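Written out below as structure tokens is the structure these notes cover.
All figures in this text were calculated on a predicted structure; none of them were measured in a lab. For the numbers below, each heavy atom of this structure counts, side chains included, while hydrogens, waters and symmetry mates do not. The chains referred to below are lettered A, B, ... by the order of the sequence lines, with proteins before strands, and numbering in each begins at 1.
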Amino acid sequence: MPQRTENNFWLLKTEPTEYSWHDLVHDKVTSWSGISNATALIHLRAMKPRDLALIYHTGSERACVGIAEIVKGPYPDPRAGNPKLVAVDIMAKQPLEVAVTLQQIKADPAFVGFDLLRISRLSVVPVPAEMWKRLLTLAKMA
DNA sequence: GCCAACGTTGGC
DNA sequence: GCCAACGTTGGC
């Protein structure tokens with residue numbers, strides 16, 4: 001019997017001076033690896049192919065800039081000895097028409113309780129469907 | 001198993 | 001440059 005599996009939505013933080021959305025567009029697909037935080041790993045392990053993820057730039061930018069798709073994984077991080085350390089492959093899907101800034105997100109009542117605001121250090125953040133929809137609206141994608 | 005000290009992340 | 005929040009480490 002076919003199993004009904006809903007896609008989930010995520011937000012992946014990256015420091016753009018280290019690896020940016022532009023780098024992902026150039027690479028097309030990259031392995032999102034090297035995550036060691038326990039909570040972030042729980043989220044990584046919950047990902048599945050076809051899930052979507054916003055790429056968020058930390059540092060001086062502090063904005064969501066593009067949409068990526070999970071295309072493989074989770075699988076054990078090949079650079080780590082511990083099989084609990086997992087990675088996924090993501091593919092650049094499309095840039096946001098307009099970047100959505102952290103300031104906008106903080107100011108918008110739709111994002112009350114959002115882990116991005118609640119747990120500021122978390123680098124892999126689940127995005128509830130209604131918040132995802134709102135983010136796309138703010139990004140002029142809807 | 002507790003907790004103080006320290007390190008890291010990321011916003012301000 | 002600073003600091004808040006949180007995780008990790010190691011002594012006890």
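Whole-Å rounding puts the A/K106 NZ to B/dG10 C1' distance at 11 Å. With rounding to whole Å, A/L122 atom CG is found 16 Å from C/dA4 atom C1'. Atom CZ in A/R62 sits about 6 Å away from atom P in B/dC12, given to the nearest Å. Taking atom CG of residue A/L41 and atom C1' of nucleotide C/dG7, one finds them 13 Å apart after rounding to whole Å. Here B/dC12 presents its P atom at 9 Å from CG of A/L117, a figure rounded to the nearest Å.
For A/R121, taking side-chain heavy atoms from C-beta onward, the closest of the listed nucleotides B/dC12, B/dG10, B/dT8 is B/dT8. Taking every side-chain heavy atom of A/N37 into account, C/dG7 is the closest of C/dG7, B/dC12, B/dG10.
A heavy-atom distance below 4.5 Å is found between the side chains of A/T14 and A/I55. In this structure the side chain of A/C64 reaches within 4.5 angstrom of the side chain of A/L96, judged on heavy atoms.
By the neighbour-count criterion of 12 heavy atoms within 6.0 Å, atom NZ of A/K133 is sparsely surrounded, having that number or fewer from other residues, nucleotides or ligands. Other residues, nucleotides and ligands contribute at most 12 non-hydrogen atoms within 6.0 Å of the CZ atom of A/R50.
Taking the C1' atoms of five terminal pairs at each end of the helix from B/dG1-C/dC12 to B/dC12-C/dG1, the two resulting helix axes are inclined by 10°, rounded to 10°.
In this pair, A/W32 and A/Y19 present their aromatic rings perpendicular. The plane angle is above 60°, beyond the 30 to 60° band.
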